[in-house]
A.B. asks: 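For reference, the structure I am asking about is given below.
The structure presented is a predicted model; accordingly, all values stated were derived computationally and were not measured.
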Number of protein chains: 2
Amino acid sequence: MTTRAEATRARLQSAALDLFEERGYRAVTVEEIAAAAGVSHMTFFRHFPTKERVLLDDPFDPVIAAAVAAQPTGMPPIERIARGLVSLAPLLDQEPTAQARRAIAIAAREPDLQAGMAANTAATERAIVEAAATAGDEPAMRIAAAACLAAVTAVLLGWATDGSTRTLGELVSTAMTTVVPALAEAQVPAFARATP
Amino acid sequence: MTTRAEATRARLQSAALDLFEERGYRAVTVEEIAAAAGVSHMTFFRHFPTKERVLLDDPFDPVIAAAVAAQPTGMPPIERIARGLVSLAPLLDQEPTAQARRAIAIAAREPDLQAGMAANTAATERAIVEAAATAGDEPAMRIAAAACLAAVTAVLLGWATDGSTRTLGELVSTAMTTVVPALAEAQVPAFARATP
DNA sequence: GCAACAGATGTTAGTGACTAACATTTGAGG
DNA sequence: CCTCAAATGTTAGTCACTAACATCTGTTGC
């Protein structure tokens, strides 16, 4: 059951995506987005705190954090995070990802949005650390999260801008399986062990 | 020899720092900063492209990138970057760091500035990769840079907000020597080897 | 000295993101 | 139909940021 507010929000996001692709982020005003969605600019700001959030908002941080926290402890933080991210692959493949792909492609080529993207990554990093860090390993967790998310970001940018036909789940899994051994100097057979 | 423009720029930064500390980032207008520095708001924007850059601008990215690029190749990217950062310790200790400390302390507690801080880190990461990546190891370099910079960021925040009396050089060196073994699963005696 | 030139700054008049206060509409349950 | 609350609209701002053009200030060549 989608409420009226949710429908308005979706219309705003969709209209913004169309307009940004047509004329670029900077050249489109909030007024225009609101008009295209059939609402006033005040309604826009009731749904999104800033212009950039209509493009950059995503609801995945809690999901990612929970997936990492759900991994067993007792392994190195980097492996725990990588396993958590890989566990999301099936979900990523069933999600409708077309809009996300368009949004990332826009954000990647708009200088005005790069700070916001970096902030998104930083927020995901914080969410992982808060949800999954155990006593005393926050620093290691933060560093491991930064490393894994750097790999995921690279993969996301390629996925959105190149014409990759592979699914997000595949790409993220590949990135994690290649990246974790690289970080661990190839000694830890991270994904050779059984996945429960 | 400091030019008039450099003096104006310095006055603007100093005035902004004072005002932000006094009343918070949001409550201070660009007009007020300009007035406190004895110039008009147009002059402010000739020296800083946005309000947040008066606080967040720093000239270190090229220095950091060069320091990493100056490290010998043939070692794992993470070790190369860590060595590059540690090589900057003497420089960090002779730099006048009081203003940087105040700026970071402000940025750390102001939500409006967190995107800008993340963008700063991302820019440093890009600078390192562009300057120091060799054929084929860009992905690994990016990930290693993200990991090292996560550690440095944590150290910087602690240094600026806690009342640490240790120097930046000491703190960064400690972070790198503790962090690199952690990432490499403690097998690589990164800093036991001779430093040329 | 002084003329001339360029770098630095000022003035003015905008646009557009964002906010506050208050009025209005819309839709679901009684 | 009525009512109430969620959702949206109107209005009138503030402030970051920009463009175009005027003025100033210090230096350089004479």
Side-chain angles (χ1 to χ4, degrees), chain A residues 1-20 22-57 103 106-107 110-120, chain B residues 1-20 22-57 103 106-107 110-120:
Chain A
M1 178 196 61
T2 65
T3 72
R4 184 160 61 121
E6 283 165 36
T8 300
R9 191 188 150 92
R11 255 183 298 124
L12 284 167
Q13 284 178 316
S14 175
L17 218 45
D18 293 342
L19 290 169
F20 290 160
E22 238 181 86
R23 317 200 324 252
Y25 176 78
R26 216 168 188 152
V28 175
T29 70
V30 170
E31 280 285 351
E32 291 171 322
I33 300 169
V39 296
S40 78
H41 81 277
M42 272 309 305
T43 295
F44 179 96
F45 286 114
R46 285 206 182 84
H47 288 279
F48 303 99
T50 67
K51 180 183 173 185
E52 70 171 27
R53 291 332 276 174
V54 75
L55 196 76
L56 295 180
D57 252 15
I106 293 169
E110 295 276 0
D112 289 8
L113 292 169
Q114 249 125 59
M117 276 188 94
N120 263 14
Chain B
M1 178 194 63
T2 66
T3 71
R4 183 158 64 122
E6 282 165 34
T8 301
R9 190 189 153 92
R11 256 184 297 126
L12 283 166
Q13 284 178 315
S14 175
L17 218 44
D18 292 342
L19 290 169
F20 291 160
E22 238 182 85
R23 318 198 327 249
Y25 176 78
R26 217 169 187 149
V28 175
T29 70
V30 170
E31 280 284 350
E32 291 171 322
I33 300 169
V39 296
S40 79
H41 80 279
M42 271 309 304
T43 295
F44 178 96
F45 285 114
R46 285 205 184 87
H47 288 280
F48 303 99
T50 67
K51 180 183 174 184
E52 70 172 26
R53 290 333 274 175
V54 75
L55 197 77
L56 294 181
D57 252 16
I106 293 169
E110 295 276 1
D112 289 9
L113 292 169
Q114 249 125 59
M117 277 189 92
N120 264 13

A.B. asks: Hey, is the side chain of Thr8(B) poking within less than 4.0 Å of OP1 or OP2 on dT9(C), counting only N and O atoms?
C.D. replies: yes
A.B. asks: Counting distance alone, no hydrogens or angles: does the base of dT11(C) have a donor or acceptor under 3.5 Å from a partner atom on the side chain of His41(B)?
C.D. replies: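 Check fails, no donor-acceptor contact within cut-off.
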A.B. asks: Provide, to the nearest angstrom, the distance between the CZ atom belonging to Phe48(A) and the C1' atom belonging to dG16(C).
C.D. replies: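 It works out to 19 Å between those atoms.
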A.B. asks: Show me the pairs that pass salt bridge (charged side-chain N to carboxylate O under 4.0 Å, His left out) and involve residues 27-37 of chain A, at least two apart or across chains.
C.D. replies: Arg23(A)-Glu32(A)
A.B. asks: May I have the distance from Phe45(A) (atom CZ) to dC15(D) (atom P), rounded to whole angstrom?
C.D. replies: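 From Phe45(A) CZ to dC15(D) P: 17 Å.
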A.B. asks: Between dT9(C), dG10(C), dT8(D), spot the one nearest the side chain of Thr43(A), thanks.
C.D. replies: dT8(D)
A.B. asks: Please compare Val28(B) and Arg46(B) by the position of their nearest nucleotide in DNA chain D and report the one closer to 5'.
C.D. replies: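 Here Val28(B) is the residue nearer the 5' end.
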A.B. asks: State whether the side chain of Glu110(B) and the backbone N or O of Tyr25(B) hold a donor-acceptor pair below 3.5 Å, judged by distance alone.
C.D. replies: yes
A.B. asks: Just the rounded figure in Å: distance from P of dA8(C) to CD of Glu6(B).
C.D. replies: 9 Å
A.B. asks: Got a list of protein N/O to nucleotides 5-7 of chain C N/O distances below 3.5 Å?
C.D. replies:
none

A.B. asks: Whole Å only: how far is the CZ atom of Arg26(B) from the P atom of dA17(C)?
C.D. replies: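 Whole-Å distance recorded here is 16 Å.
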A.B. asks: Is a side-chain N or O of Thr8(B) found less than 3.5 angstrom from the main chain of Arg4(B), in a donor-acceptor match?
C.D. replies: yes
A.B. asks: Write down the distance between CD (Glu31(A)) and C1' (dC18(C)), rounded to a whole number of angstrom.
C.D. replies: 11 Å
A.B. asks: Can you measure Met42(B) atom CE to dA16(D) atom C1' for me and round it to whole angstrom units?
C.D. replies: 12 Å
A.B. asks: Tell me: CZ of Arg9(A) to C1' of dT8(D), nearest whole Å?
C.D. replies: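 Rounded to the whole Å, the gap is 16 Å.
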A.B. asks: Rounded to whole angstrom units, what separation is found between the CZ atom of Phe44(A) and the C1' atom of dT10(D)?
C.D. replies: 19 Å
A.B. asks: Are Asp57(A) and Arg9(A) close enough for a salt bridge, meaning some N to O gap below 4.0 Å?
C.D. replies: yes
A.B. asks: Parallel, tilted or perpendicular for Phe48(B) and Phe44(B), by the 30°/60° rule?
C.D. replies: tilted
